Amino acid sequence: MSVTDPQPPAPDAGADAAQEALRDRIAADSLTTRRDYLRIVATVSGGLAVGGVAVASGILHRHGDADGTPEVKKVADALLPGESLAFRYPGDEDRAIAVRMEDGTLAGYSAVCTHLACAVLWRKDRGSEGELYCPCHEGVFDARTGEVTAGPPPRGLPKVILVEQVDGSVWAIGTARSGESLREGYCRQRGAGTPSCAAPRAGAPAGRPGAERSERA
């Protein structure tokens, strides 16, 4: 008695058709997924490019560019050396940051990177005085001046003009654009008639923004 190999069952035409249809569906779904992915990538890339051009060309709102005189706003009851504080100024949509360096210097800046508008953070442990850092594209700004020290940002951070009252409280009284001094920004917004902005007499010291304590009233 011989033993023969078992014969495979006869092919089922219906099963083959179902498998073929399944393969076609998987291929179509894969193609659709790839197309959707490429469409998303193109949309995001285009949005970033347009946003970058818009920010660089000034089409989008820049911190400190608002017309009119910004309100005086209390930022903190106190800010100790080495500390930073996030706040909103001059508007509720304007992210800002205040920094007190170890030597007591008080500085305020827009917390929106001038590259593609990502959030700027304070890194106290970097360098001798800390730094302002944008994690999106490794942008770095000087803590004392707001100027770019590394990365792709095209210009320094706009400034927020801060003053400290005798009780230690910190107040925001205006803004200055990129490349504009605190005095220039203050006088542009408050007007040349403000005592701090009046042309100094010969031999007289120049006024400083925020010297008038009545500004906070």
Side-chain angles (χ1 to χ4, degrees), residues 62-64 66 69-115 117-151 153 155-190 194-197 205-217:
R62 290 180 183 174
H63 204 123
T69 303
E71 295 182 1
V72 174
K73 179 179 180 179
K74 186 177 183 179
V75 173
D77 292 329
L79 192 62
L80 299 177
E83 291 186 347
S84 67
L85 175 71
F87 62 102
R88 301 276 178 158
Y89 189 82
D92 292 338
E93 75 283 2
D94 295 311
R95 301 192 302 273
I97 187 168
V99 175
R100 172 86 76 177
M101 283 170 273
E102 292 293 347
D103 67 356
T105 299
L106 185 63
Y109 301 100
S110 164
V112 179
C113 183
T114 55
H115 180 219
C118 291
V120 172
L121 310 174
W122 165 246
R123 299 204 296 188
K124 177 183 176 180
D125 59 341
R126 294 303 180 101
S128 60
E129 297 186 315
E131 68 182 18
L132 296 162
Y133 170 71
C134 175
C136 290
H137 301 94
E138 303 293 322
V140 181
F141 302 88
D142 184 273
R144 284 189 178 271
T145 65
E147 295 304 312
V148 180
T149 59
R155 60 188 176 279
L157 292 171
K159 304 175 184 71
V160 175
I161 306 170
L162 299 177
V163 295
E164 185 177 16
Q165 302 297 319
V166 293
D167 62 357
S169 60
V170 178
W171 295 73
I173 63 172
T175 60
R177 297 166 179 161
S178 297
E180 189 176 46
S181 71
L182 296 179
R183 181 184 175 86
E184 289 169 340
Y186 180 82
C187 295
R188 171 175 54 81
Q189 294 175 332
R190 297 289 168 182
T194 304
S196 291
C197 300
R208 61 181 180 84
E212 300 78 29
R213 298 303 185 188
S214 61
E215 283 284 348
R216 74 172 191 171

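Atom set for the values below is all heavy atoms of this structure, side chains included, hydrogens, waters and symmetry mates excluded. Keep in mind that what you see is a predicted model, and the values were worked out from it rather than measured.
Rounded to the nearest 0.5 Å, atoms CE (M101) and CG (L79) are 10.5 Å apart. Remark: Y186 OH to T69 OG1 distance equals 10.0 Å, nearest 0.5 Å. Here the straight-line distance linking atom SG of C197 with atom CZ of R188 works out to 11.0 Å at 0.5 Å rounding. Atoms CG and CD, from L106 and E164 in turn, are 6.5 Å apart once rounded to the nearest 0.5 Å. Put simply, CZ on R177 and CZ on R155 are 11.5 Å apart, with the number rounded to the nearest 0.5 Å. To the nearest 0.5 Å, atom OG1 of residue T175 and atom CG of residue L162 are 11.0 Å apart.
Disulfide check for C113/C134 fails, with the SG atoms at least 2.5 Å apart.
When all heavy atoms of S110 and V160 are compared, the pair lying nearest together is N-CG2, 4.3 Å. When all heavy atoms of A143 and A107 are compared, the closest pair comes out as O-CB, 3.9 Å. In plain terms, the two heavy atoms of R95 and A117 that are nearest each other are NH2-O, 3.5 Å. In terms of heavy atoms, L157 sits closest to L132 at CD1-CD1, 3.8 Å. Of all heavy-atom pairs spanning T114 and G156, the tightest one is CG2-O, 3.3 Å. Residues P70 and Y89 come closest through the heavy atom pair CB-OH, 3.5 Å.
Using a 4.0 Å cut-off between a side-chain N of Lys or Arg and a carboxylate O of Asp or Glu, E83 and R100 do not qualify as a salt bridge.
The shortest side-chain heavy-atom distance between E131 and T149 does not fall under the 4.5 Å cut-off. Residues V140 and E138 are not in side-chain contact: their nearest non-hydrogen atoms beyond the backbone lie 4.5 Å or more apart. Contact check for Y109 versus V120: no side-chain heavy atoms found under the 4.5 Å cut-off. Proximity of S84 to K124: side-chain heavy atoms (C-beta onward) are nowhere separated by under 4.5 Å.
Around CD of E147, the count of heavy atoms belonging to other residues, nucleotides or ligands within 6.0 Å exceeds 12. Residue-environment remark: CG (D92) stays at or below the threshold of 12 foreign heavy atoms within 6.0 Å. The environment of D77 atom CG is sparse: at most 12 non-hydrogen atoms of other residues, nucleotides or ligands sit within 6.0 angstrom.
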